[in-house]
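What you see is a predicted model; the values in this text were computed from it and never measured.
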Amino acid sequence: MSEHHEYLIRDRADAELALARLELAHRQEELLAALTAGGPAPAGFDPEQLRVQAAGLLAKRRETVGHLMPELPDLLGADFAPLFARYAAGRPLTGGYRADARAFAEWALDSGPAGADWRPALRRLLRPAASRWSRLLPHRDRAAKAHP
């Protein structure tokens with residue numbers, strides 16, 4: 001317990017309440033990890049039910065990302081759901097859904113299958129100015145780019 005908690009404890013009842021709150025916070029963290037980050041089921045929870053709930057939360061998150069950036073499910077097609085599942089594993093939602101959608105798109109571009117036919121379109125979506133400039137600038141071969 002921190003000094004702040006100790007300062008607030010005046011008697012045994014306060015101490016018991018503070019310990020109960022800490023235990024509750026710990027159990028809530030365990031439950032959240034099981035639901036959003038693939039953590040083990042906390043004691044007293046049905047692992048199968050938690051798995052079903054976690055899958056539902058993942059689907060809701062994926063659908064929300066797809067709603068905010070409808071280009072993603074369109075571009076990625078059948079790769080959208082499995083890629084999003086890989087992305088979301090161990091990456092809890094922080095910063096809101098719009099930031100999550102952008103982070104997923106960047107992650108898919110960096111970590112998705114190298115030969116996927118959607119990669120150029122996703123790159124143009126994420127970096128429109130760069131793709132516009134690349135059409136205007138003269139093309140150089142890779143050797144010239146590697147050794148300016």
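Rounded to the nearest 0.5 angstrom, R27 CZ and L22 CG are separated by 14.0 Å. Note that the CZ atom of R62 and the CG atom of L57 stand 11.5 Å from one another [nearest 0.5 Å]. Atom-to-atom distance recorded for L126:CG and R102:CZ is 4.5 Å, nearest 0.5 angstrom. Distance check: T36 OG1 to Q53 CD gives 13.0 Å after rounding to the nearest 0.5 Å. Expressed to the nearest 0.5 Å, how far CZ of R124 lies from CD of E71 amounts to 12.5 Å. Once rounded to the nearest 0.5 Å, the distance linking OH of Y97 with CG of L68 reads 9.5 Å.
Shortest non-hydrogen contact noted between L122 and A108 is CD2-CB, 4.1 Å. When all heavy atoms of R61 and A88 are compared, the pair lying nearest together is NH1-CB, 3.7 Å. Across all non-hydrogen atoms, the minimal contact from W107 to L83 is CZ3-O, 3.3 Å. Contact between P113 and W118 at its shortest, heavy atoms only, is CD-CZ2, 3.7 Å. The two atoms that bring A34 and A54 nearest to each other are O-CB, 4.1 Å, heavy atoms only.
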- request: Would you check, one step at a time, whether the test side chain to side chain contact (heavy atoms under 4.5 Å, CB included) holds for L17 with R21?
  value: CA-CA 6 Å; L17 181 60; R21 285 181 175 158; 3.7 Å; yes
- request: Could you go through the side chain to side chain contact (heavy atoms under 4.5 Å, CB included) check for F104 and M69 one step at a time?
  value: CA-CA 10 Å; F104 167 64; M69 284 186 84; over 6 Å; no
- prompt: E30 and H26: side chain to side chain donor-acceptor pair (under 3.5 Å), yes or no, with the steps?
  reply: CA-CA 6 Å; E30 288 178 331; H26 176 70; 3.2 Å; yes
field: Test side chain to side chain contact (heavy atoms under 4.5 Å, CB included) applied to R51 and D46, step by step
entry: CA-CA 9 Å; R51 188 193 64 71; D46 178 10; over 6 Å; no
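A 4.5 Å side-chain heavy-atom check between L19 and E23 finds every atom pair outside the cut-off. Counting heavy atoms from C-beta on, the side chains of L35 and L50 come closer than 4.5 Å.
V65 is not connected to L93 by any chain of hydrophobic side-chain contacts under 4.5 Å among Ile, Leu, Val, Met, Phe, Trp and Tyr, and they are in different clusters. There is a path of hydrophobic side-chain contacts, each under 4.5 Å, that joins L72 to L58.
F84 and Y87 have tilted rings, their planes meeting at an angle from 30° to 60° on a 0 to 90° scale.
Between E63 and K60 there is no salt bridge, since no side-chain N of the basic residue sits under 4.0 Å from a carboxylate O of the acidic one. Under 4.0 Å is where a charged nitrogen must lie from a carboxylate oxygen, and between E106 and R123 no such pair does.
Crowding of R98 atom CZ: a count of heavy atoms from other residues, nucleotides or ligands under 6.0 Å not exceeding 12.
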